[in-house]
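In what follows, a structure is listed as structure tokens, so that the remarks can point back to it.
Numbered from 1 within each chain, the chains take letters A, B, ... in sequence-line order. Note that these values count all heavy atoms, side chains included, but never hydrogens, waters or copies made by symmetry.
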Amino acid sequence: MTWYEWITLCSLGIFLGTSLFYALRLIRLGKPVDKAPASGSVAPAVRYSMSGAMNPAKKESAYLHLPTYGAGILYHLGTFLSLLLFFFIWMQLPFSRMPVLILSGFLVLSSSCGIGILIKRGWKNELRALSNPDDYISNILVTLFQVGTFLALSIPELLPFYFLETSILFLYFPLSKLKHVIYFFAARYHLGFFFGRRGVWPPGNG
Amino acid sequence: MRIANSEMGTANSELTREQILKGLEPLGTNGDSKLLTHLNSCVHCGLCAESCLFYLATKDPRLTPARKVDLVASIYKRYHTFSGKYLPGLVGARNLDTATADEMVDLLFGSCTGCGRCTMHCSIGVDISYLVSVGRKMLSNMDLVPSTLQSTVKAAIDTGNNMAIPTADFVDTVKWMEEEMADEVGNPEASIPIDQPGKRILYTLNPREPKFYPLSISAMAKIFYMAGESWTLSTRMYDVTNYAFFSGNREEAGLIANRLWKEMEHLQCESLVLGECGHGTRAFRWESPNYLDRGVPFPVMSSVECIANYIREGKIRLDPEKITEKVTIHDPCNLVRNGGVIGAQRFILEQFVPDFIEMIPSGADNHCCGGGGGMLSMSEYNERRIGAGAIKAEQIRKTGAKIVVTPCHNCVDQLIQLNAAYKLDVKIQTMAEIVAEALII
């Protein structure tokens with residue numbers, strides 16, 4: 001392994017270790033306790049929370065902000081794709097030209113979405129007032145990760161840059177709001193638990 | 001250092017170390033996965049803004065739900081996370097100091113009703129109203145609850161009802177309403193039972209009823225009478241409200257709730273029917289078992305569900321020709337979005353209201369009227385409350401309805417004020433009032 005791969009391996013360890021720590025801490029804390037007799041069921045409500053309630057037609061945060069919402073979805077898909085490709089690149093799995101073009105095209109699009117979201121954050125009063133440096137840094141690192149991924153797919157000379165940037169992202173993860181990747185699912189579970197017991201979700205119960 | 005505990009509930013003097021420590025207590029996440037989750041979930045996307053009536057009415061970027069979450073989460077980060085402790089500027093972590101506490105009072109008490117609409121629409125699923133309630137608990141621990149709200153809680157604790165109505169006055173009002181009801185049903189023997197043990201139902205009221213709207217007492221009494229119900233009021237504990245639920249003081253909320261539990265035991269009634277009060281219903285039905293750390297040993301239902309049951313069981317009949325005007329319904333957030341009573345009120349109105357129209361949005365997605373969260377008791381925020389009510393006023397206006405029904409006396413109060421402020425020219429009624437009007441006697 002090269003020196004930069006060793007650095008990346010160490011940072012990946014920190015990234016995975018802290019992710020596991022956050023996830024296990026949540027699991028260890030267990031389900032919330034509610035002594036009030038339930039009006040509805042938790043399981044279908046949690047399923048709804050993870051599915052139907054996420055439908056863009058059900059959420060003002062989506063249907064009132066379709067360009068931002070759409071950009072956010074593409075940006076997240078680009079991030080997960082980049083994470084997957086990181087392992088492919090590291091293992092030096094061969095890609096034929098057409099998949100590289102398609103994947104790169106998607107990553108160009110998703111990273112553009114990231115840049116768009118970054119510009120919006122700096123541009124809009126409400127968002128600028130709400131933001132802290134982490135909001136910008138997290139976006140920049142993830143966008144660079146996506147850009148680095150599609151560049152690394154085509155230009156092997158850039159691999160040291162790609163691995164170093166990825167290492168920085170992995171090391172930054174536990175300090176930042178990027179942790180929401182773990183807490184997102186827990187938040188949806190808790191919402192399902194709350195609205196499920198009260199008979200609000202799934203809709204049609206009350 | 002001086003203790004901050006001003007009239008306005010603002011920390012206009014420096015917080016003591018003891019206050020800060022007490023204020024930080026609710027942020028201890030050991031053992032609480034819900035708190036840990038929601039404190040770490042917000043990504044500052046800001047897409048929740050349009051789901052908040054305070055932001056919608058003012059377009060003030062300070063009033064977005066995300067800012068309220070950030071206020072609480074930034075303190076959590078400062079004291080409980082590595083980055084917040086060592087790199088506070090990076091993640092926007094804040095000390096719990098006078099300036100932060102002042103902002104918390106203004107945003108968490110003065111700009112949020114805890115309606116939870118933003119929670120449902122949050123792109124992540126952050127329980128924003130829950131975090132606001134955590135922030136309120138922090139302020140309560142620091143003795144920074146606005147004095148107007150705290151005095152309402154104190155009245156309930158000291159006198160047994162939040163309006164400090166003397167028992168003799170209450171009994172007089174009930175006796176007066178008894179005469180009204182007996183006249184209406186044409187039976188001089190018809191009564192409103194008080195303090196009678198062994199009845200099937202103990203019924204509770206919002207103290208606004210004996211104080212300002214006594215006819216809503218006779219309306220529900222009329223429904224009970226026609227249903228042949230075995231029921232009673234209590235003079236010792238008839239107050240369904242629990243403003244400590246709003247102030248964030250769990251101990252005081254438990255104390256108030258416990259009185260109702262004890263009165264149920266004292267009168268040995270079978271079921272508790274909670275009068276038309278959204279937060280009161282939520283505080284007792286959903287929160288009190290957790291305040292008191294025990295399950296409810298008796299059935300509890302809202303009066304809306306009780307009326308719906310009477311209709312289903314054929315115990316009362318309603319005249320579909322009595323109400324001729326267009327009717328809409330306002331869904332109280334604590335009863336509907338946070339309490340799951342969504343269909344019962346619609347089922348009732350379907351039985352006898354030929355011209356019914358829903359607001360858009362409605363049900364669990366309905367906009368708050370602006371009077372929740374203890375706002376009605378905090379007179380210092382009156383202007384903001386009425387301003388935020390513009391969203392509800394516009395909703396009502398768009399329906400073209402002449403009658404707005406809402407099963408919550410807090411909402412009734414706010415809607416009456418909105419009616420005047422926005423010249424809506426509508427009649428505001430509780431569910432019991434409109435049902436009593438249409439009862440076939």
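Contacts of Thr281(B) classified as side-chain hydrogen bond (donor to acceptor under 3.5 Å, both in side chains), with partners at least two apart in sequence or in another chain: none.
For the set Pro289(B), Gly84(B), Cys42(B), Cys118(B), the count of heavy-atom pairs under 4.5 angstrom toward chain A peaks at Pro289(B). Most heavy-atom pairs under 4.5 Å with chain A: of the set Arg285(B), Lys77(B), Glu50(B), Arg67(B), this distinction falls to Arg285(B). Counting heavy-atom pairs closer than 4.5 Å to chain B, the top-ranked of the candidates Asp34(A), Leu64(A), Ile117(A), Val181(A) is Asp34(A). Contacts with chain A were tallied for Thr81(B), Leu90(B), Val126(B); Leu90(B) has the most, counting heavy-atom pairs under 4.5 Å.
Remark: side-chain polar atoms of Asp134(A) are not paired, donor with acceptor, to backbone N or O of Val91(B) under 3.5 angstrom. Listed for the Arg198(A) side chain is no donor-acceptor partner under 3.5 Å among the backbone atoms of Val336(B). Listed for the Ser123(B) side chain is no donor-acceptor partner under 3.5 Å among the backbone atoms of Ser61(A). Side chain of Arg188(A) to backbone of Ile124(B): a donor-acceptor contact under 3.5 angstrom is found.
Residue contact with chain B, scored on non-hydrogen atoms closer than 4.5 Å, is absent for Ala62(A). For Ser74(B), no part lies under 4.5 angstrom from a heavy atom of chain A. The contact between Ile137(A) and chain B is made entirely by side chain atoms (from C-beta outward), counting heavy-atom distances below 4.5 Å. Within the 4.5 angstrom heavy-atom criterion, only side-chain atoms of Tyr55(B), from C-beta onward, approach chain A. Heavy atoms of Ser49(A) lying under 4.5 Å from chain B are absent altogether. For Ala364(B), the part sitting under 4.5 Å from any heavy atom of chain A is the side chain, from C-beta outward, and nothing else. In this structure, the portion of Tyr63(A) lying under 4.5 Å from any heavy atom of chain B is its side chain and not its backbone. Phe195(A) touches chain B through its side chain: at least one heavy atom from C-beta onward sits under 4.5 Å away, while N, CA, C and O do not. For Leu130(A), the parts sitting under 4.5 Å from any heavy atom of chain B are the backbone and the side chain alike. Contact of Arg121(A) with chain B is made through the side chain alone, with heavy-atom distances under 4.5 Å. If you measure heavy-atom distances from His44(B) to chain A, the contacts under 4.5 Å come from both the backbone and the side chain. With a 4.5 Å cut-off on non-hydrogen atoms, Cys122(B) touches chain A through its backbone but not through its side chain. Residue Asp293(B) touches chain A through both its backbone and its side chain, counting heavy-atom pairs closer than 4.5 Å. Neither the backbone nor the side chain of Arg346(B) comes within contact range of chain A; no heavy atom of the residue lies under 4.5 Å from a heavy atom of that chain.
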Next item on the list: Any chance you could lay out the side-chain contact (heavy atoms from CB on, under 4.5 Å) test for Phe194(A) and Thr119(B), step after step, and finish with the verdict?
Entry: CA-CA 11 Å; Phe194(A) 178 87; Thr119(B) 297; over 6 Å; no
Item checked: Check against side-chain contact (heavy atoms from CB on, under 4.5 Å), Ser33(B) and His190(A) -> CA-CA 9 Å; Ser33(B) 103; His190(A) 282 290; 2.8 Å; yes
Next item on the list: Step by step, work out the side-chain contact (heavy atoms from CB on, under 4.5 Å) result for Trp201(A) and Met120(B).
Entry: CA-CA 11 Å; Trp201(A) 279 357; Met120(B) 278 202 156; 3.5 Å; yes
Next item on the list: For the pair Lys35(A) and Tyr291(B), evaluate side-chain contact (heavy atoms from CB on, under 4.5 Å) and give the outcome as yes or no after the intermediate values.
Entry: CA-CA 9 Å; Lys35(A) 302 226 164 178; Tyr291(B) 296 148; over 6 Å; no
Next item on the list: Please assess Arg117(B) against Glu60(A) for the test salt bridge (Lys or Arg N to Asp or Glu O under 4.0 Å), listing each intermediate value before the final yes or no.
Entry: CA-CA 10 Å; Arg117(B) 192 165 185 276; Glu60(A) 283 182 351; 2.6 Å; yes
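Residues of residues 51-59 of chain A lying within less than 4.5 angstrom of chain B, judged on heavy atoms, are Met54(A), Lys58(A), Lys59(A) in numerical order. For residues 295-306 of chain B, a heavy-atom distance under 4.5 Å to chain A picks out Gly295(B), Val296(B), given by residue number. Residues of residues 168-175 of chain A that come within less than 4.5 angstrom of chain B, heavy atom to heavy atom, are Tyr172(A), Leu175(A) in numerical order.
By the 6.0 Å contact criterion, CG on Leu9(A) is enclosed, its count of non-hydrogen atoms from other residues, nucleotides or ligands being greater than 12.
Closest non-hydrogen pair, Trp286(B) versus Pro37(A), comes out as CZ3-O, 3.5 Å.
From Tyr183(A), atom OH reaches atom CG of Leu36(B) across 4.5 Å, with rounding to the nearest 0.5 Å. Rounded to the nearest 0.5 Å, atoms OG1 (Thr37(B)) and CG (Leu26(A)) are 4.5 Å apart. The distance from the CG atom of Leu47(B) to the OH atom of Tyr69(A) is 10.0 Å, given to the nearest 0.5 Å. Here the OG-CG distance, from Ser131(A) to Asp70(B), works out to 9.0 Å after rounding to the nearest 0.5 Å. Here the straight-line distance linking atom NZ of Lys177(A) with atom CG of Asn40(B) works out to 13.5 Å at 0.5 Å rounding. The NZ atom of Lys59(B) sits 13.0 Å away from the CG atom of Asn125(A) when rounded to the nearest 0.5 Å.
Put simply, the side chain of Leu191(A) reaches to within 4.5 Å of the side chain of Asp127(B), judged on heavy atoms.
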